[in-house]
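Excluded from the calculations below are hydrogen atoms, water molecules and symmetry mates; all remaining heavy atoms, backbone and side chain alike, are included.
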Amino acid sequence: MNILAFGAHPDDIEFGCGGTLSAYAKAGHQVFLFVASRGEYGGDPEVRQKEQEESARIIGAQEVFWGGYADTEVPLNRELIIVLEKVMKQVRPDMIFVNYFDDTHQDHRNLAQGTLSATRYIPNFLFFEVPTTQNFTPNCYVDIQRVLGKKLACLEAHRSQVAKTNIEDLTILESAVSCANFRGIQGRVRYAEAFQSVRLLLPI
């Protein structure tokens, strides 16, 4: 399959579905990433772009597409939908992952809504969570115990962001492990990533 993950900023995808994407890549599927902005409000955009590209190599992704939008200014308009559709025309994805739409960050909200429109004919569409997500009620889980180390490695590649959780003495790595453990308990495994599916076509 061709798997395409959309994220508003560098490291969104890794937190939300880095383990799942790593498992897909390891199994021989083609993984692609789209990052809407270079996250300049969180640091030097050149540094953040290099961190994202290093992380993509760890995941095993084929390519990173960049949206070129300014951080905090990802719009919800026809132009965004056209940009997303152009990426999908290149990738021809069988499965889509994207930020959840109920979120305290406007870039996450707008990207989610734009992707919902752009991917209306894709059979598999799942939302992932990040630390700013609100009211997330997952309905499917992926066991990531075997790829947890890779998920943490791709998060650690975003070195400039590891300590930026706005919670004292808590790194993004610790946050990711806690989240994976909590979602794992819900999914009846040790560590999991959780998703809310808009559409999920089960192969039989």
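- Take Arg92 and apply the salt bridge (charged side-chain N to carboxylate O under 4.0 Å, His left out) test, not counting sequence neighbours, and it matches no residue.
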Derivation of the side chain to side chain contact (heavy atoms under 4.5 Å, CB included) call for Val87 and Glu63: CA-CA 11 Å; Val87 172; Glu63 188 173 352; over 6 Å; no
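- Pro93 has its side chain within reach of Ile122: a pair of non-hydrogen atoms, C-beta onward, lies under 4.5 Å apart.
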Stepwise salt bridge (charged side-chain N to carboxylate O under 4.0 Å, His left out) check, Glu85 with Arg78: CA-CA 10 Å; Glu85 287 176 338; Arg78 182 171 176 270; over 6 Å; no
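- Within the structure, salt bridge (charged side-chain N to carboxylate O under 4.0 Å, His left out) pairs that include any residue of residues 130-143 do not occur (at least two apart or interchain).
- With Tyr100 as reference, Phe136 is the one residue of Phe6, Phe125, Phe195, Phe136 to meet the ring-ring contact (aromatic ring centres under 6.0 Å, His included) rule.
- Checked against ring-ring contact (aromatic ring centres under 6.0 Å, His included), Phe15 has no partners two or more places apart in sequence or in another chain.
- Hydrophobic clustering, defined by side-chain heavy atoms of Ile, Leu, Val, Met, Phe, Trp and Tyr closer than 4.5 Å, leaves Ile185 isolated from every other such residue.
- Here Val47 sits alone; no ILVMFWY side chain lies under 4.5 Å from its own, so it joins no hydrophobic cluster.
- The CG atom of Leu4 lies 12.5 Å from the CG atom of Asn124; values are rounded to the nearest 0.5 Å.
- A heavy-atom distance below 4.5 Å is found between the side chains of Glu129 and Cys179.
- Take Arg159 and apply the side-chain hydrogen bond (donor to acceptor under 3.5 Å, both in side chains) test, not counting sequence neighbours, and it matches Glu54.
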Step-by-step side chain to side chain contact (heavy atoms under 4.5 Å, CB included) determination, Asp11 to Arg48: CA-CA 9 Å; Asp11 83 6; Arg48 297 205 68 186; 3.9 Å; yes
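- Looking at heavy atoms from C-beta onward, Asn99 lies out of side-chain contact with His105 at the 4.5 angstrom threshold.
- Counting only residues at least two apart or in different chains, side-chain hydrogen bond (donor to acceptor under 3.5 Å, both in side chains) contacts with residues 31-43 comprise Arg38-Glu46, Arg38-Gln49.
- Using bins of under 30°, 30° to 60° and over 60° for the plane-to-plane angle, the ring pair Phe97/Tyr24 lands in the tilted bin.
- Within the 4.5 Å cutoff, the side chain of Ile172 has no heavy atoms near those of the Lys164 side chain.
- Aromatic pair Phe34/Phe65: centroids not less than 6.0 angstrom apart.
- For the side-chain hydrogen bond (donor to acceptor under 3.5 Å, both in side chains) condition, the pairs that include at least one residue of residues 65-77, sequence neighbours left out, are His9-Asp71.
- For the atom pair Asp44 CG and Ser160 OG, the distance stands at 8.5 Å (nearest 0.5 Å).
- In this view, Asn135 and Asp102 satisfy the side-chain hydrogen bond (donor to acceptor under 3.5 Å, both in side chains) rule, not counting sequence neighbours.
- Evaluation of the side-chain hydrogen bond (donor to acceptor under 3.5 Å, both in side chains) rule for Asn139 yields Ser197 as partners, not counting sequence neighbours.
- Residue pairs meeting the side-chain hydrogen bond (donor to acceptor under 3.5 Å, both in side chains) criterion with at least one partner in residues 13-22, sequence neighbours excluded, are Glu14-Gln52, Glu14-Ser55, Glu14-His158, Thr20-Glu193.
- Side-chain atoms of Val189 and Gln145, non-hydrogen and from C-beta on, never get closer than 4.5 Å to each other.
- A distance of 12.0 Å separates CD1 of Ile82 from OG of Ser117, quoted to the nearest 0.5 Å.
- Thr119 places none of its side-chain heavy atoms less than 4.5 Å from the side chain of Leu84.
- In this structure, Phe127 and Val98 have side chains that are in contact, with non-hydrogen atoms separated by less than 4.5 Å.
- For Gln186, the side-chain hydrogen bond (donor to acceptor under 3.5 Å, both in side chains) test picks out Tyr141, Arg183, with sequence neighbours left out.
- A heavy-atom distance below 4.5 Å is not found between the side chains of Leu173 and Val177.
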Stepwise side chain to side chain contact (heavy atoms under 4.5 Å, CB included) check, Ile3 with Phe32: CA-CA 6 Å; Ile3 316 295; Phe32 300 85; over 6 Å; no
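- In this structure, Asp94 contributes its side chain and Asn2 its backbone to a donor-acceptor pair below 3.5 Å.
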